[in-house]
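I have a structure I would like to understand better, so I am pasting it below and will then ask my questions one at a time.
Quick caveat, the model's predicted, so the values are computed rather than measured. Below, read A as the first sequence line, B as the second, and so on, with proteins coming before strands; counting in each chain starts at 1.
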There are 2 protein chains.
Amino acid sequence: MNSVICTVDVVLLTLKNNALHVALIKRDREPFAGTLALPGGFVHAEEDRDDLDAASRILRDKAGISSPYLEQLGTFAGAARDPRGWSASIAHYALVPEAVIVKALSPAVQLVPVDGLKGLPFDHQLIVETAVTRVRSKSTYSSLPAHLAGEQFTIPQLQKIYELLMGEPINKVSFYRKMTELAMIEEVPDAFETTRGKPAQLYRLKKEFRSVLSMTDRALNAGK
Amino acid sequence: MNSVICTVDVVLLTLKNNALHVALIKRDREPFAGTLALPGGFVHAEEDRDDLDAASRILRDKAGISSPYLEQLGTFAGAARDPRGWSASIAHYALVPEAVIVKALSPAVQLVPVDGLKGLPFDHQLIVETAVTRVRSKSTYSSLPAHLAGEQFTIPQLQKIYELLMGEPINKVSFYRKMTELAMIEEVPDAFETTRGKPAQLYRLKKEFRSVLSMTDRALNAGK
DNA sequence: CAAATAGTGTCTATAAGACATTATTGG
DNA sequence: CCAATAATGTCTTATAGACACTATTTG
């Protein structure tokens, strides 16, 4: 009756060279051995309390990432997606700053730009596209993109991240207003970053938003 | 390795007596035989092409509902939710007008108000709450609630549905504007409904939105 | 004709965007 | 002092809400 193959996959996203990248791993087993694919695997019934737990474990073991922003994306199931038979993949997505990934990444993992991705096994292409769409649409209304920034960041840096995700410029004044409205970041006392011009105040995500989102009703639209 | 129990459950929602109701069925098997629970079941690997297909079949066979608005909600998985062991339920939600459900419903099915629901087996309480929250939050931005209206409806009737879902009154002018903006409904030529006062124009969902949503960026907020 | 409900016109309030201005650094 | 960037002030524009008014029915 229950011949369903049940796995957990993770779409690990980060920003690198001003573009969204996904972490892929060379599969060491059939089917599709040797192909780049999403990190994933079977549930360990004795070890994983739930699917988020399994996704965490996979990220830890396969990519060396320990406490990313992690959320369930949805389940991709059906008869056609896996040559072994009817299967269900509980897909998740994770966001981490590039710094974290650079430090932790095992050599087997590759970061690939999400735009123009192709040749993925199973329906991993669809899963990645769904994750990217989800992240983009949530970005408009929430603090989600902040999880792609490092531990400390300036508001202009954060705005750049939002702009990269949404693919269009944001009005600077509106962005400052939005950051105040979401109330998710706090100044790091006496910490500034200077590159060229006036030094920028450094901020960090408030503790209570490290793994939760701050939402707003109002969209952050395009502007100059 | 893969001892995971994989099932599909459906949260079938409708409006009845001005309140959101969920369809529950008395379970005929262990565990929890005799208890009211969400309609659900195992995937039929030979019959169901994917999880939506399985959800459709379950609705058809258990509730006699044939083409509702149906969407995946998410997967509820873990070691603790089912006494038989580690399990994953791919949950879906469906919206139908009350008229459809009244005509189709088998006697084994009961409609229960979603507010104050309790005593459900497994984590079905959580699944229902998640579905209701999802429907409510999507309602603000989309044509979703129209799937709870009958085939033909007046704008004031539709507004009432939105108000019931969101739990607060909506500004009448804003609502008319929003309906125009979403562009998902069309007048039924020369069809009006009269109860008391000026007859109201009847509308229907445009064909292209029968199973898809029309979204807007702007929220529909409370008003008089 | 009064009451009720549908539908619209229009003013006001609010929030977002444009743009200018000030602030503060390095060269 | 100039160029560059951060941060903020403020005017304009767009959109939502309030409210009144017209339209059309029933009793």
With the side chain counted from C-beta on, respond yes when A:Tyr93 and A:Thr130 share a heavy-atom pair under 4.5 Å apart, and no when they do not. no

5′-ward residue of the pair B:Arg177/B:Thr154 relative to DNA chain C: B:Thr154

From OH of B:Tyr141 across to P of D:dA16 the rounded distance in Å is 11 Å

Expressed in angstrom and rounded to an integer, what is the separation of A:Phe175 atom CZ from D:dT8 atom C1'? 16 Å

Spacing between B:Leu182 atom CG and D:dT15 atom P, to the nearest angstrom: 14 Å

Nearest-angstrom distance from the residue atom CE of A:Met179 to P of D:dA6: 15 Å

Find the distance B:Met166:CE to D:dG17:C1' and express it as a whole number of Å. 14 Å

Look at the side chain of A:Asn171 and the base of C:dA16, then say whether one donor and one acceptor between them are separated by less than 3.5 Å. no

Across all chains, not counting sequence neighbours, the salt bridge (charged side-chain N to carboxylate O under 4.0 Å, His left out) partners of A:Glu98 are none

Under 3.5 Å, sequence neighbours excluded: what are the donor-acceptor pairs made by side chains of residues 192-203 of chain A?
unit_1: A:Glu193; atom_1: OE2; unit_2: A:Gln157; atom_2: NE2; d: 2.6
unit_1: A:Gln201; atom_1: NE2; unit_2: A:Val188; atom_2: O; d: 2.9
unit_1: A:Gln201; atom_1: NE2; unit_2: A:Ala191; atom_2: O; d: 3.3

Who passes salt bridge (charged side-chain N to carboxylate O under 4.0 Å, His left out) against B:Asp123, sequence neighbours left out? B:Arg81

Gap between atoms OH and P, on B:Tyr176 and C:dG9 respectively (whole Å): 12 Å

From the list C:dG7, D:dT10, C:dA16, which nucleotide is the closest neighbour of the side chain of B:Ala200? C:dG7

What distance do A:Leu38 atom CG and A:His124 atom NE2 have between them, rounded to the nearest 0.5 Å? 5.0 Å

Any pair with a residue in residues 13-22 of chain A that passes side-chain hydrogen bond (donor to acceptor under 3.5 Å, both in side chains), sequence neighbours left out, goes on the list, sorted by first then second residue, please. none

Produce a footprint string for nucleotides 21-27 of chain C: one letter per nucleotide, 5' end first; B if the base is under 4.0 Å from any protein heavy atom, S if only the sugar-phosphate is, - if neither. --BBB--

Provide, to the nearest angstrom, the distance between the CZ atom belonging to A:Phe153 and the P atom belonging to D:dT5. 21 Å

Rounded to the nearest Å, what distance is computed from the OH atom of residue A:Tyr162 to the P atom of nucleotide C:dA16? 14 Å

Show me the pairs that pass salt bridge (Lys or Arg N to Asp or Glu O under 4.0 Å) and involve residues 133-153 of chain A, at least two apart or across chains. A:Glu71-A:Lys138

If you look at every strand shown and take non-hydrogen atoms under 4.0 Å, does A:Arg218 touch a base, only sugar-phosphate, or nothing? sugar-phosphate

